[in-house]
Colleague: 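Got a structure here, written out as structure tokens. Questions coming.
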Amino acid sequence: MYVQRHPSAQADVDPEKKTIVVLGSGWASTSFLKDIDTDHYNVVVVSPRNYFLFTPLLPSCTVGTIDIRSLVEPTRFIARHKSRTVKVVEAECTHIDPETKSITITDNSDVKGQNAVSTLSYDYLIIGVGAMSATFGIKGVEEYGCFLKEVWDAQKIRTKLMDCIETAAFPNQSSEEVDRLLHMVVVGGGPTGIEYAAELHDFLVDDLASWYPELAGKVKITLVEALPNVLPAFSKHLIEYTESTFKEQNIAIHTKTMVKEVREKEIEVKRPDGSIDTIPYGLLVWATGNTARPLIKDLMQKFPETQQVRRGLAVDDWLRLDGSEDIYALGDATATRYAPTAQVAAQQGKYLARLFKQLAVRDELESELADATEEEKVRKDRKLRKAKDIKPFHYSHQGSLCYVGSDKAVADLPFGPGGNLATGGVATFAFWRSAYISNLFSTRNRALVITDWLKKTALGRDISRE
Ligand code: FAD
Ligand code: NAI
């Protein structure tokens, strides 16, 4: 849909129409933007990054299986294909004022003009700002750990990984220091940690073994998880499959082990028997889930009666912020009964676009009713009742997938009424790939990702430290 090089002309912003301000350009906001009918609204998108990122394949970027450019889609491409001009502002929303129905936006990028702070008014506000990586206040995580959430995180991991390897190759390094530098530690056995460890293993076996024959055998991968097992949200059989696959791949898993502190070259952990131990590392990837952004925490304080869940914004079944008439929230920024996944965020975005279309029809009918004849009134009244009957959000789970290394993946798929199909292996990996290819937003991204996979198979991954 978005491959068209020369999109057609767009209608101008219409001061008569209501303005929807959308915060964020991730899964939730982008899926809303794709579906919102701009015939009915003016739309403004505010996000500190001017692109959508396909997060499911981000772990592949940390070792160069996929190029980052293949996973991003400029928000302006999507905006430019709407029927009415959509304003895209690269800025962070730093304050929301529900009283005046306005937001403060700040340009936090490196290049700033004379003006870097401004305000925008809204009729409706859609909050899709996602969440931040959680640290649980553990000392040293921010300073020494690498998160895996954004494009720059993947770039940082890749650079640091190659730096560790080249530093280990520096002449006369002690064997103890070589072991430390080549120890790659992943904290968090959720899908992010598992997929990262799996990609790192593949890079080690497929590429590093050829280019660093004297070092590759010394590289160790360790995954640390506080719970008794990894992938707690997956079926028992798939947890066992993942753990045994990791064992075959020489990835050590330390379960029931809680990281207590991160220092420059080692982490301090509490072992299952309660003892305190240290683990030296060269690269530390921190993947312990999500926490709410400061903007969200700040907004919650404005609704002390209705916003009391620390995890995120409380919304009703129509995704309207509890306590507000005109603010809606979706995706990882919210605290709902659903897991914080792209699947949920994307379905919520689509749903909200439909809801807004229905609201527009309702508003139009209400204004027409005032001048309608008695006969018209009966007909319009019926239509109005239908427009007012807005169905609540319903989530349809399509299954959970996770790459576990060596061209194997695990999948928990809904099967029949209330049933579940748990499958793991090479065939599941083929399914994993095809599912992600079909979920990519544009033909351009699909073509680029397929090319990256072919390039990796034919030529191997690049080992330059960028
Ligand atoms: P995001 O996609 O994080 O988007 C948030 C947006 O808000 C961003 O554009 C951000 O720049 C912007 N923003 C931030 N602060 C502000 C602000 N103050 N003002 C304005 N804009 C702001 N889920 C799955 O279902 N399947 C998967 O395979 C999967 N794989 C994943 C792999 C990784 C490595 C990660 C990190 C996550 C994965 N997820 C997966 C989870 C999924 O990415 C998230 O649930 C999803 O991104 C949530 O969408 P969102 O729109 O709420 O937030
Ligand atoms: P997560 O919340 O799923 O897992 C984090 C893990 O870190 C937990 O198992 C937790 O016990 C562990 N942990 C927390 N503190 C710790 C500590 N101090 N020491 C050791 N372990 C600690 O987080 P993740 O993997 O980042 O995923 C976030 C969301 O994104 C989830 O909803 C997930 O389903 C989704 N996602 C889905 C993917 C997929 O479907 N393939 C891939 C990546 C993310």
Side-chain angles (χ1 to χ4, degrees), residues 21-32 45-62 75 89-96 103 105-106 108 127-136 138 141 147-151 153-154 186-196 223-234 254-262 267 269-270 286-290 293-296 298 312 329-334 338-346 348-349 397-403 409-412 432 435-436 439:
V21 173
V22 183
L23 304 184
S25 53
W27 278 97
S29 299
T30 303
S31 106
F32 174 79
V45 181
V46 174
S47 179
R49 55 173 219 219
N50 71 350
Y51 55 85
F52 164 76
L53 167 67
F54 188 83
T55 46
L57 290 173
L58 189 62
S60 300
C61 297
T62 59
T75 304
V89 186
E90 195 193 67
E92 192 178 325
C93 171
T94 42
H95 184 72
I96 298 170
I103 61 166
I105 58 168
T106 309
N108 280 336
I127 304 179
V129 298
M132 301 193 318
S133 300
T135 65
F136 305 103
I138 296 170
V141 178
F147 299 121
L148 181 48
K149 201 158 184 59
E150 299 285 353
V151 158
D153 295 328
V186 184
V187 182
T192 305
I194 292 290
E195 290 196 329
Y196 171 66
L223 190 134
V224 180
E225 166 57 54
L227 296 176
N229 56 264
V230 298
L231 293 183
F234 281 69
H254 296 212
T255 51
K256 297 188 196 161
T257 304
M258 172 83 93
V259 178
K260 304 301 275 182
E261 189 180 332
V262 176
I267 53 172
V269 298
K270 191 174 175 196
W286 191 267
T288 61
N290 293 342
R293 291 189 189 278
L295 177 75
I296 299 302
D298 183 50
L330 66 176
D332 286 7
T334 59
Y338 311 112
T341 64
Q343 257 190 86
V344 171
Q348 289 179 331
H397 187 58
Q398 304 298 305
S400 305
L401 294 164
C402 186
Y403 182 60
V410 292
D412 253 332
W432 177 89
Y436 284 167
N439 277 325

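Computed from a predicted structure; not experimentally measured. In each ligand, atom 1 is the first atom listed, and ligand 1 is the first ligand listed.
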Colleague: I need the atoms of ligand 1 closer than 4.0 Å to a non-hydrogen atom of Gln343, numbered in the order shown.
Modeller: 25 (O)
Colleague: For Lys149 and ligand 1, does the shortest N/O to N/O distance drop below 3.5 Å?
Modeller: no
Colleague: Which atoms from ligand 1 have a heavy atom of Glu92 less than 4.0 Å away?
Modeller: 17 (C), 18 (N), 19 (N)
Colleague: Please work out whether any backbone atom (N, CA, C, O) or any side-chain heavy atom from C-beta onward of Arg293 is under 4.0 Å from ligand 1, and answer side chain, backbone, both or neither.
Modeller: side chain
Colleague: With heavy-atom distances below 4.0 Å as the criterion, list the atoms of ligand 1 near Leu295.
Modeller: 18 (N)
Colleague: If we set the cut-off at 4.0 Å for heavy atoms, which region of Tyr436 has an atom near ligand 1: side chain, backbone, both, or neither?
Modeller: side chain
Colleague: Which atoms from ligand 1 have a heavy atom of Thr341 less than 4.0 Å away?
Modeller: 23 (N), 24 (C), 25 (O), 44 (C), 45 (O)
Colleague: Looking at Leu148, which atoms of ligand 1 are within less than 4.0 Å of one of its heavy atoms?
Modeller: 34 (C), 36 (C)
Colleague: Which of the numbered atoms in ligand 1 are under 4.0 angstrom from any heavy atom belonging to Ala28?
Modeller: 50 (P), 51 (O)
Colleague: Quick one: side-chain contact (heavy atoms from CB on, under 4.5 Å) partners of Glu90, sequence neighbours excluded?
Modeller: Asn50, Ser109
Colleague: Which protein N or O atoms sit under 3.5 Å from any N or O of ligand 2? Give atom names and distances.
Modeller:
| unit_1 | atom_1 | unit_2 | atom_2 | d |
| --- | --- | --- | --- | --- |
| ligand 2 | 9 (O) | Glu225 | OE1 | 2.7 |
| ligand 2 | 9 (O) | Glu225 | OE2 | 3.1 |
| ligand 2 | 11 (O) | Glu225 | OE2 | 2.6 |
| ligand 2 | 18 (N) | Val259 | O | 3.4 |
| ligand 2 | 19 (N) | Val259 | N | 3.1 |
| ligand 2 | 21 (N) | Ala226 | N | 3.1 |
| ligand 2 | 23 (O) | Gly289 | N | 3.4 |
| ligand 2 | 25 (O) | Pro191 | N | 3.3 |
| ligand 2 | 25 (O) | Thr192 | N | 3.0 |
| ligand 2 | 25 (O) | Thr192 | OG1 | 3.2 |
| ligand 2 | 26 (O) | Thr192 | OG1 | 2.9 |
| ligand 2 | 32 (O) | Pro340 | O | 3.2 |
| ligand 2 | 40 (O) | Leu401 | O | 3.2 |
| ligand 2 | 41 (N) | Glu195 | OE2 | 3.4 |
| ligand 2 | 41 (N) | Leu401 | O | 2.6 |

Colleague: If you count the atoms of ligand 1 from 1 in the order shown, which ones are under 4.0 Å from a heavy atom of Pro340?
Modeller: 41 (C), 45 (O)
Colleague: Among Pro48, Gly26, Ser60, which residue places a heavy atom closest to atom 13 (N) of ligand 1?
Modeller: Pro48
Colleague: Quick one: side-chain contact (heavy atoms from CB on, under 4.5 Å) partners of Ala226, sequence neighbours excluded?
Modeller: Met258
Colleague: Go through the structure and list residues passing side-chain contact (heavy atoms from CB on, under 4.5 Å) with Phe136, not counting sequence neighbours.
Modeller: Ala134, Ile138, Thr288
Colleague: Please classify the Ala345 to ligand 1 contact at 4.0 Å (heavy-atom distances, strictly less than): side chain, backbone, both or neither.
Modeller: side chain
Colleague: Show me which atoms of ligand 1 lie under 4.0 Å from any heavy atom of Gly331.
Modeller: 52 (O)
Colleague: Where does the angle between the aromatic ring planes of Phe52 and Trp27 fall among parallel (under 30°), tilted (30 to 60°) and perpendicular (over 60°)?
Modeller: perpendicular
